[in-house]
Amino acid sequence: MKQAQPRVGFVSLGCPKALVDSERILTQLRAEGYEISGSYDDADLVVVNTCGFIDSAVEESLEAIGEALDENGKVIVTGCLGANAGTVLDAYPNVLAVTGPHAYEAVMQSVHQHLPPLHDPYTHLIPPQGIRLTPRHYAYLKISEGCNHRCSFCIIPSLRGDLVSRPIGDVLQEAENLVNAGVKELLVISQDTSAYGIDVKYRTGFWQGRPIKTHSQQLAEALGEMGVWVRLHYVYPYPHVDNLLPLMAEGKILPYLDIPFQHASPTVLKAMRRPAHAEKVLGRLAKWRETCPDIAVRSTFIVGFPGETEDDFETLLDFLQEAQLDRVGAFTYSPVKGAEANALDGAVPEEVKEERLERFMEVQADISAAKLSRLIGKTMTVLVDEAGEGQSIARTHRDAPEIDGQVIIEGVELPVGEFAQVRITHADEHDLWGEI
């Protein structure tokens with residue numbers, strides 16, 4: 001009688017970097033003959049890839065672990081929360097194993113221990129692009145692990161370690177495999193994308209028989225040759241980022257930068273241990289827009305950071321008005337276990353945090369609405385994400401999946417994963433409407 005293939009359930013939480021970790025583990029599981037189960041009931045065990053960045057993420061991860069234990073009983077925990085194994089084991093001492101983030105081999109060893117594979121791994125049994133959890137037409141391309149910054153509100157370095165860049169040849173080979181599999185958009189991610197390669201100075205990698213220097217600009221140039229959308233996330237505004245703007249103006253990579261400014265008050269930025277040069281940022285934004293008028297800049301901000309005064313917050317609002325950013329996300333400060341910011345004086349009351357967040361988003365809503373209204377009447381290239389019920393949902397170069405806006409095209413169901421030319425007919429503060 002043929003032995004049944006072992007089945008593994010998988011729960012993936014957290015940011016796109018964690019999603020890439022999940023894809024790699026799933027790819028290795030499939031390579032070794034494991035089937036991936038879509039339900040707790042059919043799985044022989046469950047792997048939960050957790051997030052542990054802020055308190056709400058920790059709570060969500062612990063709830064997911066508890067649900068998997070209740071529904072299945074055999075659970076392996078990995079991911080950022082796993083870096084603090086005590087938190088997991090205090091809540092659930094009966095989990096099978098706990099490993100930290102990007103611990104692929106440790107996860108596989110735990111799976112082997114509790115659910116042996118039917119055969120040795122043969123990686124040719126799966127497609128070269130591996131298993132993906134995103135739609136077929138876009139994929140996240142993680143280029144490094146860890147971070148060298150020591151922001152006072154962040155515990156990523158303690159969870160994921162210092163910056164370690166992937167070999168450039170490996171990155172480009174993965175990108176090429178994805179493009180050959182039909183991916184139309186590569187979303188380049190890391191904790192600090194513009195720092196790629198600074199840990200391996202002077203080293204070169206090889207791709208398609210030619211040497212390529214390990215540096216973010218060289219990587220962007222090589223990715224720009226692949227004929228697909230290339231979108232850069234989590235870019236710190238180092239001076240060499242300016243060198244990417246000509247690539248954007250030439251259409252090699254998308255004119256889109258995701259830069260986490262976090263605040264604008266020098267006092268708050270100093271407490272955050274972030275660069276405190278709002279004036280320089282405004283000057284560079286002007287130069288970027290001069291070089292590449294179509295550029296879209298998104299950013300994230302924290303309001304209610306310890307010690308933030310009303311004057312500090314007004315400085316942030318003034319910056320927002322001057323910067324005229326295209327896409328903005330904002331969050332109230334939330335203490336993270338292990339973060340040095342927890343020891344700072346001047347805690348802002350919750351009701352003040354919420355009131356400031358509301359004012360912040362009102363200012364940005366007006367800015368976004370005005371900027372999007374200028375697109376009415378223009379014809380733009382969009383990538384179709386969904387279609388059904390007589391309409392299509394797409395994105396322009398200005399919009400990253402799941403975090404930015406959409407283009408709603410009514411009256412037609414376009415092929416998903418394909419590009420289309422759309423004339424913009426209507427806009428609000430977040431989304432656009434258009435017609436073929």
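Quick note: residue numbers are just sequence positions, from 1.
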Test your reading of the model: is there a side-chain donor-acceptor pair from Thr78 to the backbone of Gly100, 3.5 Å cut-off? yes
Okay, side chain of Lys74, backbone of Asp44: is any donor-acceptor separation there less than 3.5 Å? no
Not counting sequence neighbours, which residues clear salt bridge (charged side-chain N to carboxylate O under 4.0 Å, His left out) with Asp162? List them please. Arg150
For Thr315 and Asp312, does a side-chain donor sit closer than 3.5 Å to a side-chain acceptor? no
Examine distances only and state if a side-chain atom of Ser61 and a backbone atom of Cys51 form a donor-acceptor pair shorter than 3.5 Å. yes
Check: Gly9 main-chain N/O paired with Ser37 side-chain donor or acceptor under 3.5 Å: no
Determine yes or no for a side-chain-to-main-chain donor-acceptor pair under 3.5 angstrom, with Asn342 supplying the side chain and Ala339 the backbone. yes
Minimal heavy-atom distance between Ser22 and Asn49, with the atoms involved, is OG-ND2, 2.8 Å
Tell me if a side-chain donor or acceptor on Asn72 pairs with a main-chain N or O of Ala43 at a distance below 3.5 Å. yes
Side-chain contact, heavy-atom cut-off 4.5 Å: Glu354 with Thr332? yes
Within 45° of the six-membered ring axis of Tyr138 and under 6.0 Å from that ring's centre, is NZ or CZ of Arg395 located there? yes
Under 4.0 Å between a side-chain nitrogen and a carboxylate oxygen: does that hold for Asp326 and Arg398? yes
Please determine whether the number of non-hydrogen atoms from other residues, nucleotides or ligands lying under 6.0 Å from atom NZ of Lys371 exceeds 12. yes
Let's go through Ser194 and Asp192 carefully: what are the C-alpha distance in whole Å and the side-chain angles of both, what is the deciding distance for side chain to side chain donor-acceptor pair (under 3.5 Å) to 0.1 Å, and is it a yes or a no? CA-CA 6 Å; Ser194 44; Asp192 180 2; 3.2 Å; yes
With a 6.0 Å cut-off (strictly less than), is the heavy-atom count around CG of Asp345, excluding the residue itself, greater than 12? no
Taking distance alone, no hydrogens or angles, what donor-acceptor pairs closer than 3.5 Å link side-chain atoms of residues 254-263 to residues at least two apart or in another chain?
unit_1: Tyr256; atom_1: OH; unit_2: Asp404; atom_2: OD2; d: 2.6
unit_1: Asp258; atom_1: OD2; unit_2: His233; atom_2: ND1; d: 3.0
unit_1: His263; atom_1: ND1; unit_2: Ser265; atom_2: N; d: 3.1
unit_1: His263; atom_1: NE2; unit_2: Glu308; atom_2: OE2; d: 2.7

For Val228 and Lys184, the nearest pair of non-hydrogen atoms, with its separation, is CB-O, 3.4 Å
Between Lys142 and Glu174, is there a side-chain N and carboxylate O pair less than 4.0 Å apart? no
Pair Tyr333 + Phe153: ring centers closer than 6.0 Å: no
Validation row: Val297, Leu285 side chains within 4.5 angstrom (heavy atoms): yes
So, Ser368 side chain and Gln364 main chain: donor-acceptor pair closer than 3.5 Å or not? yes
Do side-chain atoms of Tyr34 reach the backbone of Leu115 as a donor and acceptor pair under 3.5 angstrom? yes
By the definition salt bridge (charged side-chain N to carboxylate O under 4.0 Å, His left out), identify the one residue from Glu314, Glu362, Glu310 that meets it with Arg356. Glu310
Between Arg166 and Glu145, does any side-chain N to carboxylate O distance fall below 4.0 Å? no
Which atom names give the shortest non-hydrogen contact between Gln191 and Tyr234, and what distance separates them? O-CB, 4.1 Å
Residues Asp242 and Lys287 bridged, charged N to O under 4.0 Å: no
Regarding Tyr40 and Glu67, do their side chains bring together a donor and an acceptor under 3.5 Å, going by distance alone? yes
With a 3.5 Å distance limit and no angle check, can you tell me whether Asp399 reaches the backbone of Thr396 through a side-chain donor-acceptor pair? yes
Say whether, by atom type as modelled, one donor and one acceptor occur between the side chain of Asp431 and the main chain of Gly405 under 3.5 angstrom. no
Minimum heavy-atom distance between Thr99 and Ser110, given as atom pair plus value: CG2-OG, 4.4 Å
What residue among Glu185, Met248, Met380 forms side-chain contact (heavy atoms from CB on, under 4.5 Å) with His397? Met380
Can you sort out the partners of Pro349 under side-chain contact (heavy atoms from CB on, under 4.5 Å), two or more places apart, ordered by chain and number? Glu351, Val352
Before giving the answer on side chain to side chain donor-acceptor pair (under 3.5 Å), spell out for Glu32 and Gln28 the whole-Å C-alpha distance, their side-chain angles and the decisive distance to 0.1 Å. CA-CA 6 Å; Glu32 298 190 13; Gln28 187 62 30; 2.9 Å; yes
With no hydrogens and no angle check, do the side chains of Tyr238 and Asn243 hold a donor and an acceptor under 3.5 Å apart? no
Short side-chain donor-acceptor distance under 3.5 Å, Asn180 and Glu176: no
Between Gln217 and Glu221, is any side-chain donor less than 3.5 angstrom from a side-chain acceptor? yes
